[in-house]
Amino acid sequence: MAWNYMLMLSVLCWLPFTLALPNRISARATGGPPIRSHSTSAIHTSFTGTPTVVGALNATSVGSGISSLGVAPGATTYPSDGKLHQPQPAPFVPGGGLGTNGTTPVYNAKSDFDYESLSLALYQEWIELDLFHDGLARFSEADFAAAGLTAEDRYLIQFMAEQELGHATMLSNILGAEAPAQCTYNYPYTTVPEFLDFCQKLTRFGEAGVYGFLPHLNSREAAILLTQSITTEARQQMVFRQFEGLFPMPVWFEVGVPQSWAWTLLAPHISYCPENQTRLAWQNFPALKILNQPNPARVNGERANNETLTASGGMNVLKSSNVTGSAACVNSTTVGESCHPGVTRNRTAPLSFPGRRVSLQWESPGQPVGPNNSYITATTAGTPKYVLWASQLNVTYSPLMGGGNNSGMTIQPNISTYQGDPAVNGTVFIAITDDNVFVTPFNISMVNPHIVAGPALYQAG
Ligand SMILES: *[C@@H]1O[C@H](CO)[C@@H](O)[C@H](O)[C@H]1NC(C)=O
Ligand SMILES: *[C@@H]1O[C@H](CO)[C@@H](O)[C@H](O)[C@H]1NC(C)=O
Ligand SMILES: *[C@@H]1O[C@H](CO)[C@@H](O)[C@H](O)[C@H]1NC(C)=O
Ligand SMILES: *[C@@H]1O[C@H](CO)[C@@H](O)[C@H](O)[C@H]1NC(C)=O
Ligand SMILES: *[C@@H]1O[C@H](CO)[C@@H](O)[C@H](O)[C@H]1NC(C)=O
Ligand SMILES: *[C@@H]1O[C@H](CO)[C@@H](O)[C@H](O)[C@H]1NC(C)=O
Ligand SMILES: *[C@@H]1O[C@H](CO)[C@@H](O)[C@H](O)[C@H]1NC(C)=O
Ligand SMILES: *[C@@H]1O[C@H](CO)[C@@H](O)[C@H](O)[C@H]1NC(C)=O
Ligand SMILES: *[C@@H]1O[C@H](CO)[C@@H](O)[C@H](O)[C@H]1NC(C)=O
Ligand SMILES: *[C@@H]1O[C@H](CO)[C@@H](O)[C@H](O)[C@H]1NC(C)=O
Ligand SMILES: *[C@@H]1O[C@H](CO)[C@@H](O)[C@H](O)[C@H]1NC(C)=O
Ligand SMILES: *[C@@H]1O[C@H](CO)[C@@H](O)[C@H](O)[C@H]1NC(C)=O
């Protein structure tokens, strides 16, 4: 195995870094390929200058859209009857599969789609690295203790930051010399519970944003390495839920969303990037605010009104400063009420429920956003008519009431993914759309031309 990797490295000698691949010889912490250089004492200021470039990266030729083609020829011809229908290339090896014919893996991008998707993932890993360090630097031991977190818990956050360094290095190695660099970020949180909620939500769209494109990558080789990092990120998301005193995994499936959704949620927290930073081709949609976003810091989280951090964009992060005394669940010792950090917590009063009225407000397009204010929010959609809910395996719509003046109201839908699995739970994605187009997990990005605003992260449970 190690020899194959060596061979591959010599093929890819133009790479600026060595690939961080499994290597039994260098299992000790002092060995192994180098990590990418990064800042550990980052500042967190906003951008005040004028952008030198404006707009998403685009090619010389830009088409007018992707139309639905129906089922591809041959997509349903495999008999699926439990018998073998193809010659076997070797004993115990069934025919078929991609990348299974013996060609040497080359861990690089193989299309613009790959490069842009992996670059987006790298932007995400960089912010996570900075974010986890920032929480530890910004808050004291006493602050963490007041939120119920110990020295062991803080070490876990530190370890998670170190994992991000590995992920950022791996993606940089795949992308090569122009891989996006670490930027300067801004965060709206002022308390530990707000920090934890910010992390829980940021890792949610980091994870979901990768699931959305993983199966579409041309580079199967990049896909396996990215899978190996995103499964780690999924564990981080669950840990932050546990730190927040939420039920760790209230769903049967984790959702996948398009790249532009992740970029829309991420970009507002990047203040500026270095000169010559590699730009992205993805869309930034107008921000969507949930006026009655459920607040996990409250005993009655569902009753929260106007309780998100203003500068948290579509993430709609909880504001904890007004949640005090017996209204706060962190110090409660009552089972069903307590949200003290723990492996799992029951909430007798759920954060949301089918039939709940959800009040929404959104920005108009054309706002500068993201690194150096150099991206512009945009939509190609018409009149707002629906609220899209993306959760688990489902994309469903509820009618939007109102919609004039960039605001409206909807009713949380009552759907199940399978019997016994209410679809809308955990941290879900909602968006304002002009149509209720039917999409499924593999073609969810076909809804992008219909998005008026969003996504926003709705704290359903
Ligand atoms: C490509 O981007 C440039 C710069 O933002 C913009 O002026 C131009 O309209 C874009 N072209 C297309 C076809 O989107
Ligand atoms: C093996 O598969 C790769 C794609 O994974 C393909 O490019 C290549 O042509 C195949 N080689 C042979 C000998 O079939
Ligand atoms: C919870 O208790 C800790 C002391 O253990 C205290 O510092 C903190 O302020 C309390 N939190 C709330 C929201 O009351
Ligand atoms: C963004 O702004 C920073 C700080 O002003 C500047 O150093 C950097 O060159 C700018 N980046 C780009 C890509 O223009
Ligand atoms: C940015 O690119 C320009 C033009 O290629 C080059 O002159 C300059 O040195 C680059 N700046 C950095 C910081 O790499
Ligand atoms: C929401 O709260 C902010 C301050 O936190 C305030 O400026 C704004 O007017 C409030 N909006 C509503 C609709 O209550
Ligand atoms: C803060 O809480 C108090 C009492 O629960 C409530 O009257 C007030 O409206 C809240 N303020 C905000 C901005 O939510
Ligand atoms: C937790 O909630 C579940 C589902 O509502 C319930 O069946 C169980 O009894 C609860 N457990 C405790 C300890 O409250
Ligand atoms: C989400 O799941 C938790 C745990 O099973 C449950 O207590 C809660 O009622 C669910 N919420 C919704 C909105 O279904
Ligand atoms: C949700 O749907 C289930 C099954 O169709 C039904 O039993 C339940 O009453 C519904 N809940 C609401 C709030 O409509
Ligand atoms: C929009 O806001 C204006 C002024 O606040 C108000 O007069 C008008 O009725 C509102 N329109 C809708 C459709 O809500
Ligand atoms: C939710 O997803 C399941 C599994 O794909 C599907 O059977 C069900 O019809 C979906 N429900 C809705 C309302 O889309």
Side-chain angles (χ1 to χ4, degrees), residues 39 42-57 119 123 126 178-186 200 204 238 241-242 244-255 267-280 290 292-296 298-304 329 334-339 342-358 368-376 389-392 394 396 398-399 410-430 457-461:
S39 157
I43 51 164
H44 296 95
T45 50
S46 54
F47 178 71
T48 49
T50 312
T52 49
V53 211
V54 175
L57 190 64
S119 292
Y123 270 92
W126 278 135
E178 309 301 330
Q182 194 179 21
C183 300
T184 297
Y185 307 94
N186 61 81
Q200 179 262 116
R204 160 49 59 242
M238 195 176 90
R241 284 186 65 89
Q242 292 169 315
E244 210 175 336
L246 290 164
F247 193 76
M249 38 179 175
V251 289
W252 292 3
F253 302 93
E254 300 300 339
V255 69
H269 302 289
I270 309 178
S271 305
Y272 52 93
C273 295
E275 195 183 347
N276 301 342
Q277 172 80 336
T278 296
R279 298 180 67 75
L280 293 179
I290 301 161
N292 59 344
Q293 167 82 316
N295 186 341
R298 273 195 187 279
V299 172
N300 281 304
E302 186 272 317
R303 305 234 182 107
C329 53
T334 309
V335 174
E337 200 179 273
S338 169
C339 67
V343 172
T344 184
R345 292 283 170 223
N346 263 15
R347 250 174 212 271
T348 313
L351 286 177
S352 80
F353 44 82
R356 182 174 192 259
R357 292 164 62 99
V358 181
V369 73
N372 296 52
N373 274 339
S374 65
Y375 293 83
I376 307 292
W389 301 72
S391 181
Q392 304 206 42
N394 293 98
T396 193
S398 56
T410 196
I411 304 288
Q412 184 169 329
N414 184 19
I415 56 163
S416 290
T417 300
Y418 290 112
Q419 273 175 29
D421 179 27
V424 178
N425 207 335
T427 308
V428 309
F429 295 79
I430 63 172
L457 293 179
Y458 180 65
Q459 196 63 50

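Remember, it's 1-based here, ligands and their atoms both numbered in the order they're listed. This chain uses plain numbering: 1 for the first residue, then up along the sequence. No hydrogens, no waters, no symmetry mates; every other heavy atom, side chains included, goes into these values.
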Is it the case that [X] and [Y] place a side-chain donor and acceptor less than 3.5 Å from each other?
X	Y	answer
W389	S398	yes
Q293	Q459	no
Y458	S391	no

Looking only at protein heavy atoms, which one is nearest to atom 5 (O) of ligand 9, and how far off is it? F247 CE2, 4.2 Å
The protein heavy atom nearest to atom 8 (C) of ligand 9 is N425 ND2, 3.8 Å
About how many Å separate CG of N372 and OG1 of T184, when rounded to the nearest 0.5 Å? 9.0 Å
Distance flag for atom 14 (O) of ligand 4, protein heavy atom under 4.0 Å: yes
Nearest protein heavy atom to atom 2 (O) of ligand 9: under 4.0 Å? yes
Of the options R347, R357, R356, which is the one that meets E302 in a salt bridge (Lys or Arg N to Asp or Glu O under 4.0 Å)? R356
Any atoms of ligand 9 less than 4.0 Å from a non-hydrogen atom of S352? List them with their elements. 13 (C)
Answer with side chain, backbone, both or neither: which part of S374 has a heavy atom less than 4.0 angstrom from an atom of ligand 4? neither
Just let me know how P51 lines up against ligand 4, side chain, backbone, both or neither, with a heavy-atom cut-off below 4.0 Å. neither
Heavy atom of G461, distance to ligand 9 below 4.0 Å: no
Does any non-hydrogen side-chain atom of T45 lie less than 4.5 Å from one of Y272? yes
Can you tell me which portion of N346 lies within the under-4.0 Å heavy-atom range of ligand 9? Options are side chain, backbone, both, or neither. neither
If we number the atoms of ligand 10 from 1 as shown, the ones under 4.0 Å from a heavy atom of P354 are 13 (C)
